[in-house]
Novice: 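After the structure tokens below, expect a handful of questions from me.
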Amino acid sequence: MTNNRVENAAENVTENPPTPLTLLGLGAMGAALAGAWLTAGHPLTVWNRTAARADALVGRGAVVAATAAEAVAANRLVVVCLLDDDSVAEALADVDLTGKDLVNLVTSTPDQARARAAWAERRGARYLDGGIMAVPPMIGVPAAGPYVFYSGSPALFEEHRTALAAPAGTRYVGEDAGYAALHDVALLSAMYGMFAGVSHAFALVRGEAVAPGDLAPLLSDYVTAMTGFIAGTAARLESGDYTKGVVSNLAMQVAGKGTLLRTAEEQGVSAELLEPYFRLMERRLEVGSGEEDLTGVVDLLRR
Ligand SMILES: NC(=O)c1ccc[n+]([C@@H]2O[C@H](COP(=O)([O-])OP(=O)(O)OC[C@H]3O[C@@H](n4cnc5c(N)ncnc54)[C@H](OP(=O)(O)O)[C@@H]3O)[C@@H](O)[C@H]2O)c1
């Protein structure tokens with residue numbers, strides 16, 4: 001078990017005999033997971049609130065349960081992939097979970113996951129929380145790199161890691177049930193920061209003789225080239241020396257932000273996505289050092 005790499009890439013997984021399991025939820029993600037478990041030969045019982053969504057799986061060998069209770073009763077390993085934490089509470093409100101191994105893949109907050117773990121344990125189930133780092137077309141396609149963060153009962157993870165690895169790789173991140181959600185949301189938050197910058201960049205060239213399709217590969221390459229910032233920030237946070245290895249210092253970056261803001265104005269583009277970050281850079285310059293980079297912004301964000 002490790003938390004620094006994805007284990008059990010689905011292509012390497014063999015299980016003899018495959019673990020039977022139940023899956024609650026056949027939305028876009030649940031349907032993809034169901035398909036991958038069936039392809040891997042796992043006997044699968046499914047339930048979905050809107051029953052018709054299970055139709056396509058019947059021909060592939062899935063057993064369709066009429067109720068969530070019936071589906072849960074069918075197998076010890078029960079995977080949940082419903083919309084949100086409220087839908088889990090609603091769907092499992094009156095269901096007997098005694099002796100079940102509940103794996104909750106619903107995207108939630110760390111505290112929701114911890115509360116759901118305590119709720120499951122009070123009801124006699126072992127609990128593992130998961131955060132899916134993939135979109136449905138990546139599920140069951142190891143080359144696309146799908147994986148799921150898991151946290152909670154280590155024994156439960158060890159017991160089912162092979163079955164869990166059929167649709168996507170596994171990455172166990174700790175016994176604290178909230179840690180899968182914590183990692184999941186940390187990555188998603190970074191993703192939205194990247195999306196924000198890309199939206200601003202496309203807005204700048206909109207209306208000019210620059211096709212979005214021509215800017216796209218330039219953006220992809222440049223954003224990829226800047227990812228060294230991630231490891232550098234981690235190293236500076238860990239060492240406590242925010243000037244270590246700095247290649248573009250904060251004083252220069254704060255001075256340069258005016259060019260970005262003026263360009264937005266010239267192009268008739270709102271700077272509302274950039275301004276909050278620039279304000280944090282300025283605040284850090286006021287209390288930190290111009291020889292740092294942007295690492296100190298991390299500390300400013302902590303309340
Ligand atoms: N799709 C993605 O790209 C993606 C990526 C990573 C993680 N996830 C996570 O995976 C989970 C499922 O996402 P999805 O894409 O499959 O969503 P979805 O396509 O909207 O499906 C939602 C599922 O939840 C069920 N549901 C909603 N409210 C319910 C309730 N009160 N009681 C019982 N069932 C209820 C729906 O049943 P009905 O069919 O009856 O409506 C459906 O099965 C979410 O937590 C999502 O954040 C999704």
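Every number for a ligand or one of its atoms is a count from 1 in the order of the listing. One-based numbering along the sequence shown.
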Novice: To which protein heavy atom is atom 16 (O) of ligand 1 closest, and what is the distance rounded to 0.1 Å?
Specialist: M29 N, 2.8 Å

Novice: Same cluster or not: are V88 and V95 linked, directly or through other Ile, Leu, Val, Met, Phe, Trp or Tyr residues, by side-chain heavy atoms under 4.5 angstrom apart?
Specialist: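 Cluster IDs for V88 and V95 match.
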
Novice: Which is it for E265 and L261 under the side chain to side chain contact (heavy atoms under 4.5 Å, CB included) test, yes or no, and what are the steps along the way?
Specialist: CA-CA 6 Å; E265 203 175 328; L261 294 175; over 6 Å; no

Novice: I'd like to know whether ligand 1 has A68 as a neighbour, heavy-atom separation below 4.0 Å.
Specialist: no

Novice: What I want to know is whether T50 and ligand 1 share at least one N or O pair that is separated by under 3.5 angstrom.
Specialist: yes

Novice: For atom 19 (O) of ligand 1, what is the closest protein heavy atom, and at what distance to 0.1 Å?
Specialist: A28 N, 2.9 Å

Novice: Give the numbers and elements of all ligand 1 atoms closer than 4.0 Å to a heavy atom of L26.
Specialist: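 Heavy-atom distances to L26 below 4.0 Å select 43 (O).
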
Novice: With a cut-off of 4.0 Å, which atoms of ligand 1 are near a heavy atom of R53?
Specialist: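 In order of number, 38 (P), 39 (O), 41 (O), 42 (C).
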
Novice: Say whether V254 and V297 are linked into one hydrophobic cluster, either directly or through other cluster members, by side-chain heavy-atom distances under 4.5 angstrom.
Specialist: yes

Novice: So do the side chains of M138 and V141 get within less than 4.5 Å of each other, counting heavy atoms only?
Specialist: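 The answer is no, as the side chains (C-beta and beyond) never meet within the 4.5 Å cut-off.
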
Novice: Using heavy-atom distances, let me know which of S87, S108, P137 sits nearest atom 28 (N) of ligand 1.
Specialist: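 Selected option, by shortest heavy-atom distance: S87.
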
Novice: So, do Q267 and E208 sit near enough that their side-chain heavy atoms are less than 4.5 Å apart?
Specialist: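 The answer is yes, as the side chains (C-beta and beyond) meet within the 4.5 Å cut-off.
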
Novice: Would you mind checking if R116 and D129 are paired as a salt bridge, meaning a charged N to carboxylate O distance below 4.0 Å?
Specialist: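 No salt bridge links D129 with R116.
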
Novice: Please identify which of these residues, N104, D101, L24, meets the side chain to side chain contact (heavy atoms under 4.5 Å, CB included) condition with V78.
Specialist: L24

Novice: Need the ligand 1 atom indices (1-based, order shown) with element for anything under 4.0 Å from a heavy-atom of P136.
Specialist: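 Selected atoms, number and element: 1 (N), 2 (C), 3 (O).
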
Novice: Once the angle between the rings of Y179 and H183 is folded into 0 to 90°, is it parallel (under 30°), tilted (30 to 60°) or perpendicular (over 60°)?
Specialist: tilted

Novice: Taking the minimum heavy-atom distance to atom 11 (C) of ligand 1, which of V135, L105, T107, L82 ranks first?
Specialist: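 That would be L82.
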
Novice: If the cut-off is 4.0 Å to any non-hydrogen atom of A134, which atoms of ligand 1 fall inside it?
Specialist: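 Here the atoms of ligand 1 in question are 5 (C), 6 (C).
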
Novice: Any idea which protein heavy atom is nearest atom 21 (O) of ligand 1, and the distance to it?
Specialist: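 The answer is G27 CA, 3.3 Å.
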
Novice: By number and element, which atoms of ligand 1 are closer than 4.0 Å to a non-hydrogen atom of E90?
Specialist: 31 (N)

Novice: Using a 4.0 Å cut-off to any heavy atom of C81, which atoms of ligand 1 qualify?
Specialist: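 Here the atoms of ligand 1 in question are 10 (O), 11 (C), 12 (C).
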
Novice: So for ligand 1, is A91 a polar contact partner (N or O within less than 3.5 Å, distance only)?
Specialist: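 No: no nitrogen or oxygen of A91 is under 3.5 Å from one in ligand 1.
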
Novice: If you have a sec, work out which protein heavy atom is nearest atom 43 (O) of ligand 1 and how many Å separate them, to one decimal?
Specialist: N48 OD1, 2.6 Å

Novice: Assigning hydrophobic clusters by single linkage (Ile, Leu, Val, Met, Phe, Trp, Tyr; side-chain heavy-atom cutoff under 4.5 Å), is V298 placed with V185?
Specialist: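 Shared cluster, no.
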
Novice: Any idea which part of R49 is under 4.0 Å from ligand 1, heavy-atom wise: side chain, backbone, both or neither?
Specialist: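 Under 4.0 Å from ligand 1, R49 contributes backbone and side-chain atoms.
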
Novice: Flag yes if L77 and Y172 sit in one hydrophobic cluster, no otherwise; membership is Ile, Leu, Val, Met, Phe, Trp, Tyr, and two members link when side-chain heavy atoms are under 4.5 Å apart.
Specialist: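 Both belong to a single hydrophobic cluster.
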
Novice: Short N/O distance, under 3.5 Å, between L83 and ligand 1?
Specialist: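 Yes - when backbone and side-chain N and O of L83 are compared with those of ligand 1, one distance drops under 3.5 Å.
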
Novice: Could you tell me, atom by atom, which parts of ligand 1 come under 4.0 Å of a heavy atom of V106?
Specialist: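 This gives 45 (O) as the contact atoms.
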
Novice: Under the criterion side chain to side chain contact (heavy atoms under 4.5 Å, CB included), which of L83, L82, D84 is the partner of D86?
Specialist: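 Among L83, L82, D84, the one that satisfies the side chain to side chain contact (heavy atoms under 4.5 Å, CB included) with D86 is D84.
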
Novice: Show your reasoning for whether side chain to side chain contact (heavy atoms under 4.5 Å, CB included) applies to L250 and L294.
Specialist: CA-CA 6 Å; L250 185 60; L294 302 167; 3.8 Å; yes

Novice: Counting only heavy atoms, which portion of A31 has something under 4.0 Å from ligand 1: side chain, backbone, both, or neither?
Specialist: neither

